[in-house]
Each structure stands twice: as C-alpha cells, then as structure tokens.
Student: 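First, the structure itself, so that you have it in front of you.
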Amino acid sequence: MEVDLLELYNYLLRHYGNQSWWPADTPFEVAVGAILTQNTSWTNVERAIERLRESEMLVPEKLINIPTEEVGQLIVSAGFRNSKSKAIKEIARFFAEGPDHMKNTTVIRSELLNIKGIGNETADAILLYALDRPVFVVDKYTRRLLTRLGINPPSGYRALRKFLEDKLPKKTELYKEYHALIVRHNKSFCRSSPSCSDCCLEQVCLQNI
DNA sequence: CGCCAGGGCCATA
DNA sequence: TATGGCCATGGC
C-alpha cells in the first residue's frame, strides 16, 4: 500500500485551495526572492524586496554595478546579508545576460549551482517559478511529509526529486502548486508529533490512498 | 529566553 | 555520503 502522490496533491489542493505561487512581478524578482527566502520567513523577505524596489535596484543591470555591501544594506531584514548579497549580484548577472531559452534544464541548473549561495533547492525554485521548467522543488518539509505518510523517501536531494518526478506528470503548473501546498501545509502542521496522526492528513494516512 | 523561518557552505570523518 | 557549526534577522 502506498500513498498516491497525485491523490495527495488533490487532497492538499481541496484542503488549502490554490496558493498561486510565486508572488512576484517578474522572473528576476522571483529569483531574488528565492535567494532571500533561504531559511528566512517570507515577511522578512518582503521587506527586503520592498527596499530593493523603492531604491529602484530591483533591476539586473543596476545590481551588477553597485557594491556588494550596498546590496547587503538593502536586504538586512532577510538576514545572511554577506552571502545573499553576493548571490543576488551573480543572479543579476545571469539575468542581465538574458536567459537562453534554448538551453535545456540540466545545463541551466548547473550554471545556477555554480553560483556560490545557490544550492539545490534555490536552483530548482528558480528553474520552476522563474523559468517555468517542470522541476519538482524538494525541501525538508517534502521529505518529512512523505516520511510521516509512511513513504520511505530516498536519501539525497537529487534522488528524492527524481523519485517524485517519476511518479507525477511532468507539468510545470502541477509542480508549482504542489511545492506551494506542501509549504502551506507545514504552516498548520504539528511540529511535535513524529507521525501525522495529529494533523489534518490523518484521513490520508488511515485511508492510505 | 528559546525556537524557527519557503537553505547553503565548509570542515570533518 | 553524512553530520555539525555557522551564517543574521524578526515574529512569536
């Protein structure tokens, strides 16, 4: 008996409704937000993005030419300013050069991963939400949710991403909403219980859909 | 006061 | 491969 990941998606969608991620005006803003939100609450990220916008620095060509320390001052609210400011300047260069739509996803991913401060999850978030590539964004909540549902997820980020993508239709919109729903579910999730018997997914566990 | 948030890097074994 | 310390800010 194994949980059907598509059924799980439909359950989350019915329960929480459409999350409509990513909240941003442009693909570049998505990428900046993906860096800023690393281990950081979204409210703190919003302040940083708003400061970048007010200072008219939310533009790749401008960010390239201002000192890293100055970028850091604009994003203090999001924390980790030393590493995030460098990563933001590099992703600005990436966007300033113009996204090459002919490159396949694997090539772009390796380019993103070459940027210091961008790891697996951030690279995939940029691929999915900024560049519209069908990539399942894995985070620690994804792994924990699967574990609590009785699935034994493969260890390692890439292995789990492949595990999920092999079991789901390779649809960009599905992946966008799925990751958003998992994050949404986590906000009202029991943090103490090691099983899912205390959260709203109890029915899912019991029915073993 | 401590915990955690839409992670990632680096040293170490 | 897989841990642990560290990075920084703000809400609760």
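Letters A, B, ... are given to chains in the order of the sequence lines, protein chains preceding strands, and every chain is numbered from 1. On a predicted model such as this, the values are computed, not experimentally measured, just so you know. Note: hydrogens, waters and symmetry copies are ignored here, and every other heavy atom, side chains too, is used.
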Student: Is any side-chain heavy atom of A:Leu164 closer than 4.5 Å to a side-chain heavy atom of A:Leu160?
Tutor: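 Result yes, sub-4.5 Å side-chain heavy-atom pair found.
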Student: Name every donor-acceptor pair, under 3.5 Å, that has one atom in a side chain of residues 62-75 of chain A and the other anywhere in the protein, sequence neighbours excluded.
Tutor:
residue: A:Lys62; atom: NZ; partner: A:Glu56; partner atom: O; Å: 3.3
residue: A:Asn65; atom: ND2; partner: A:Glu61; partner atom: O; Å: 3.2

Student: Go through it in stages, so that I can follow the logic: the residues are A:Glu121 and A:Lys140, the test is salt bridge (charged side-chain N to carboxylate O under 4.0 Å, His left out), and I'd like the CA-CA distance, side-chain angles, deciding distance and then a yes or no.
Tutor: CA-CA 10 Å; A:Glu121 187 180 340; A:Lys140 60 181 175 181; over 6 Å; no
Student: Answer yes or no: does a side-chain N or O of A:Asn82 lie under 4.0 Å from OP1 or OP2 of C:dA8?
Tutor: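 Answer yes for this pair, as a side-chain N or O of A:Asn82 is under 4.0 Å from OP1 or OP2.
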Student: Listed by chain and number, what are the side-chain hydrogen bond (donor to acceptor under 3.5 Å, both in side chains) partners of A:Ser20, not counting sequence neighbours?
Tutor: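 Only A:Asn18 meet the side-chain hydrogen bond (donor to acceptor under 3.5 Å, both in side chains) criterion with A:Ser20.
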Student: Centre-to-centre under 6.0 Å for A:His179 and A:Tyr175, is that the case here?
Tutor: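 No: the rings miss the under 6.0 Å criterion.
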Student: Could you check whether A:Lys167 makes a cation-pi contact with A:Phe163, meaning its NZ or CZ is under 6.0 Å from the centre of the six-membered ring and within 45° of the ring axis?
Tutor: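 Output yes; distance and angle both within limits.
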Student: List in chain and number order the residues that pass salt bridge (Lys or Arg N to Asp or Glu O under 4.0 Å) with A:Arg161, two or more places apart in sequence or in another chain; answer none if no residue qualifies.
Tutor: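 Salt bridge (Lys or Arg N to Asp or Glu O under 4.0 Å) check on A:Arg161 returns A:Asp124.
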Student: Which residue pairs pass the side chain to side chain donor-acceptor pair (under 3.5 Å) test with at least one member in residues 75-88 of chain A, sequence neighbours excluded?
Tutor: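 Non-adjacent pairs meeting side chain to side chain donor-acceptor pair (under 3.5 Å): A:Thr40-A:Lys84.
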Student: C1' atom, B:dC3 versus C:dA8: distance in rounded Å?
Tutor: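 So the two C1' atoms sit 15 Å from each other.
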Student: In chain order, what residues pass the side-chain hydrogen bond (donor to acceptor under 3.5 Å, both in side chains) check against A:Thr122, with sequence neighbours excluded?
Tutor: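 In terms of side-chain hydrogen bond (donor to acceptor under 3.5 Å, both in side chains), with neighbours along the sequence ignored, A:Thr122 is linked to A:Gln38.
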Student: Measure from CG on A:Leu160 to P on C:dT1 and round the result to the nearest Å.
Tutor: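 For the pair A:Leu160 CG and C:dT1 P, the rounded distance is 15 Å.
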Student: Taking salt bridge (Lys or Arg N to Asp or Glu O under 4.0 Å) as the definition, give me every residue that meets it alongside A:Glu50, ordered by chain and number, with sequence neighbours left out.
Tutor: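 Partners of A:Glu50 under the salt bridge (Lys or Arg N to Asp or Glu O under 4.0 Å) test: A:Arg53.
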Student: Evaluate whether the aromatic ring of A:Trp42 and the six-membered ring of the B:dA5 base sit under 5.5 Å apart, centre to centre, with an inclination under 30°.
Tutor: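 Here A:Trp42 fails the 5.5 Å or the 30° condition.
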Student: Are A:His185 and A:Tyr16, when compared by the centres of their aromatic rings, separated by less than 6.0 Å?
Tutor: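 Judged by ring-centre distance (under 6.0 Å), A:His185 and A:Tyr16 do meet the cut-off.
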Student: Could you state the NZ-P distance from A:Lys187 to B:dC3, rounded to the nearest angstrom?
Tutor: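 A:Lys187 atom NZ is separated from B:dC3 atom P by 20 Å.
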Student: Look at all strands and tell whether A:Lys140 reaches a base, only sugar-phosphate, or nothing, counting heavy atoms closer than 4.0 Å.
Tutor: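 The residue A:Lys140 makes sugar-phosphate contact but no base contact.
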Student: When you compare the protein's N or O atoms with those of nucleotides 9-12 of chain C, which come within less than 3.5 Å of each other, and at what distance?
Tutor:
residue: C:dT9; atom: OP1; partner: A:Arg81; partner atom: NH1; Å: 2.4
residue: C:dT9; atom: O2; partner: A:Asn44; partner atom: ND2; Å: 3.2
residue: C:dG10; atom: O4'; partner: A:Asn44; partner atom: OD1; Å: 3.2
residue: C:dG10; atom: O4'; partner: A:Asn44; partner atom: ND2; Å: 2.9
residue: C:dG11; atom: OP1; partner: A:Arg47; partner atom: NH2; Å: 2.7

Student: One character per nucleotide, please: for nucleotides 8-13 of chain B, 5' to 3', B when the base has a protein heavy atom closer than 4.0 Å, S when only the sugar-phosphate does, - otherwise.
Tutor: SSS---
Student: Going by the rule side-chain hydrogen bond (donor to acceptor under 3.5 Å, both in side chains), which residues pair with A:Asp132 if we only count those two or more places apart in sequence or in a different chain?
Tutor: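 Testing A:Asp132 for side-chain hydrogen bond (donor to acceptor under 3.5 Å, both in side chains), a comparison that skips the adjacent residues, returns A:Lys176.
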Student: Return the value, rounded to whole Å, for the distance between atom CG of A:Asp124 and atom P of B:dG7.
Tutor: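 From A:Asp124 CG to B:dG7 P: 13 Å.
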Student: Taking 4.0 Å as the cut-off, does a side-chain nitrogen or oxygen of A:Tyr129 come that near to OP1 or OP2 on B:dG6?
Tutor: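 Checking B:dG6 against A:Tyr129, no side-chain N or O comes under 4.0 Å of OP1 or OP2.
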Student: Would you write the dot-bracket representation of DNA chain C, where each base gets (, ), [, ], | or . depending on whether it forms a Watson-Crick or G-U pair under 3.5 Å and with which partner?
Tutor: |||||||.||||
Student: Which residues pass the side-chain hydrogen bond (donor to acceptor under 3.5 Å, both in side chains) test with A:Lys116, not counting sequence neighbours?
Tutor: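 Counting only residues at least two positions away or on another chain, A:Lys116 forms no side-chain hydrogen bond (donor to acceptor under 3.5 Å, both in side chains).
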Student: Enumerate the residues from residues 21-32 of chain A whose closest heavy atom to DNA chain B is under 4.0 Å, giving them by residue number; use none for an empty result.
Tutor: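 Correct list: A:Trp21, A:Trp22.
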